[in-house]
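Structure, as structure tokens:
Throughout, a chain's letter reflects where its sequence line sits, starting with A, and its residues are numbered from 1.
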Number of protein chains: 2
Amino acid sequence: MADETILATFFRKLEVRDVVTAAEKVALIACASDMVSVPAGGDLVREGDRPDTSMLVLDGFSSRYRDAPDGSRQITAIHVPGDFVDLHSLLLREMDHSVGALSACSVMRFPHARLRSLTETHPHLTRLLWLMTLIDASIHREWLSAAARTAPEQIAHLICELYVRLGITGLIAPDQSFTLPLTQTALGEALGLSAVHVNRSLQQLRSEDLFTWQNQTVRILDWESLKRRASFDDRYLHLVREPR
Amino acid sequence: MADETILATFFRKLEVRDVVTAAEKVALIACASDMVSVPAGGDLVREGDRPDTSMLVLDGFSSRYRDAPDGSRQITAIHVPGDFVDLHSLLLREMDHSVGALSACSVMRFPHARLRSLTETHPHLTRLLWLMTLIDASIHREWLSAAARTAPEQIAHLICELYVRLGITGLIAPDQSFTLPLTQTALGEALGLSAVHVNRSLQQLRSEDLFTWQNQTVRILDWESLKRRASFDDRYLHLVREPR
DNA sequence: CGAACCATTGATTCGCGTCAAACCCGGTGG
DNA sequence: CCACCGGGTTTGACGCGAATCAATGGTTCG
């Protein structure tokens, strides 16, 4: 159980896409069970697990990843506060990838049994949860097409995406900055680039004065130019409020 | 409206993952409206559209793609008979990519209004439809991590995936062959490779006698070796029958 | 103070893109 | 019937983007 404020970031994420009634919020809150804290570097779920709860990140950054036998790691998604990291395990059952905490995370757990009965009684909420997973898939597609671009463009694109996604839940500071607890190595794992090349591409971007990145803080200097540099178009995030 | 046999491939796809009752099949069939034929090269939906129906491919291959301003095309998914190509438009509303027919396709249309009321009355079916979109997302993640591998491995991996997916609906011939109406150019667009490099990688693979590919027909010669070559593990397709 | 991690730099190698031309084939029209 | 055509495949030559290997600072922390 949790009071409403604690799921505020999640509700904001939903409300960007549709109207959520007070009763629906109550029903969602009733689905929550307990909170868990995971230290940076820890795993929230591991590939092969068959979790009986889904987890919503309240605070902190996490990543979905898979480790290849040769030791390399591929990050397929980055999650920000307000994201369900493994809602899909409700139906997929077995995790086909792991979720790791990039920074210390606090996480709200939602037992599958409750979510499942929610799908029996609240069709509209069910559609909204479904929608969240569809947006995840849309982001995957965007990453797939971004992979064809050059390294600096890819990096710029990811910065743009996180800037917009964090903006939804009010996590962008007034000076256009936000926390990004990613190492250059992790960034490379997300984009399919080597850490060395990420470093050089960042130097390239730095010289273009589009943003700064120091102490895990990114600050956007020129949003319009950055968007252009990244060919960023936020339509794939489906930020339209309409009945779903 | 349609009789049951016409949705057989789709039902088989569902039944690999869960039990589907006769009543549920009837309900699904009742959602179908009409059939459409699209010639090879035509589009089923276009980016920016706001369709009021979702389409299930009964016959033929199609691809989800997006064209970049520079003229290049990125294919983010390949659909085989039995796949819903734009079920996500039910909730996402605006298409953020197009779907094109790789070969002549016949398609069953499902008006959103009917699917939506299905979500109001049939929670279990709703979860199954949701599941199908989750599997799509899982495939996206697999493609994302496959992008890090070399070109021949990527090609081999895609062949493996299609072989398994087509096998689900009984579309693999007794001699382990199947139709693959993809040009080398399209294959490159799917994997983020140039047509030239696809060609050379195919020559490489040909010399390894893992499969043949002639006249749009792929024939698997050595499945185990091919799987190994591609580091293919079908877990991401979630071929487990259990209550969802 | 070393251990560990991260950022940075240099040197080298290689996969893959790009450009360009040739080839193969089924289809079309004179 | 054959010249012509266009889409797809194949080859060759060349160059660049990015991986790899290796080493050096800078920081944090037990």
### Query
In degrees rounded to 10°, what angle is found between the helical axes fit to the five outermost pairs at each end of the helix from C/dC1-D/dG30 to C/dG30-D/dC1?
30°

### Task
Please identify each residue that fulfils side-chain contact (heavy atoms from CB on, under 4.5 Å) with A/Asp43, with sequence neighbours left out.
A/Arg46, A/Tyr65

#### Entry: First-last contacting nucleotides on DNA chain C - partner chain B, under 4.0 angstrom, heavy atom
C/dC16 to C/dC19

### Task
Flag the pair A/Arg235 and B/Asp96 as a salt bridge only when some basic side-chain nitrogen lies within less than 4.0 angstrom of an acidic carboxylate oxygen.
no

#### Entry: Those residues that, when tested against B/Glu153, pass side-chain hydrogen bond (donor to acceptor under 3.5 Å, both in side chains) (two or more places apart)
B/Thr150

### Task
Mind checking ring-ring contact (aromatic ring centres under 6.0 Å, His included) for B/His79 and listing every partner two or more places apart, or none if nothing turns up?
none

### Task
May I have the step-by-step check of side chain to side chain contact (heavy atoms under 4.5 Å, CB included) for B/Met35 and B/Arg109, ending in yes or no?
CA-CA 6 Å; B/Met35 266 180 58; B/Arg109 308 203 315 149; over 6 Å; no

### side chain to side chain contact (heavy atoms under 4.5 Å, CB included) partner of A/Val218, the single match among A/Ile172, A/Ile159, A/Thr212
A/Ile159

### Query
Of the non-hydrogen atoms in A/Leu182 and A/Ala186, which two are nearest, and what is the gap between them?
CD2-CB, 3.7 Å

### Task
Not counting sequence neighbours, which residues clear side-chain contact (heavy atoms from CB on, under 4.5 Å) with A/Ser37? List them please.
A/Ser106

### Query
Can you list, by residue number, the residues of residues 192-209 of chain B that have a non-hydrogen atom closer than 4.0 angstrom to DNA chain C?
B/Gly192, B/Leu193, B/Ser194, B/Val196, B/His197, B/Arg200

### Message
If the condition is ring-ring contact (aromatic ring centres under 6.0 Å, His included), which residues does B/Phe10 pass it with, not counting sequence neighbours?
### Response
B/Phe84

### Taking every non-hydrogen atom, the tightest pair across A/Leu56 and A/Phe110
CB-CE1, 3.7 Å

### Query
Could you give the start and end, 5' to 3', of the contact zone on DNA chain D for chain B, using atoms under 4.0 Å from its heavy atoms?
D/dG8 to D/dA13

### Query
Side chains of B/Asp175 and B/Ser177: do they bring a donor and an acceptor to under 3.5 Å?
yes

### Task
Indicate yes or no: does B/Arg64 engage B/Asp136 in a salt bridge with an N to O separation below 4.0 Å.
yes

### Query
What is the minimum heavy-atom distance between A/Val80 and A/Val57, and which atoms define it?
O-CB, 4.2 Å

### Message
What residues from residues 146-153 of chain B pass a heavy-atom cutoff of under 4.0 Å to DNA chain D?
### Response
none

### Message
Could you work out, with salt bridge (charged side-chain N to carboxylate O under 4.0 Å, His left out) as the rule, every residue matching B/Arg165, not counting sequence neighbours?
### Response
B/Asp83, B/Glu161

### Task
Quick one: list whatever passes side-chain contact (heavy atoms from CB on, under 4.5 Å) with B/Val164, sequence neighbours left out.
B/Trp223, B/Phe232, B/Leu237, B/Leu239

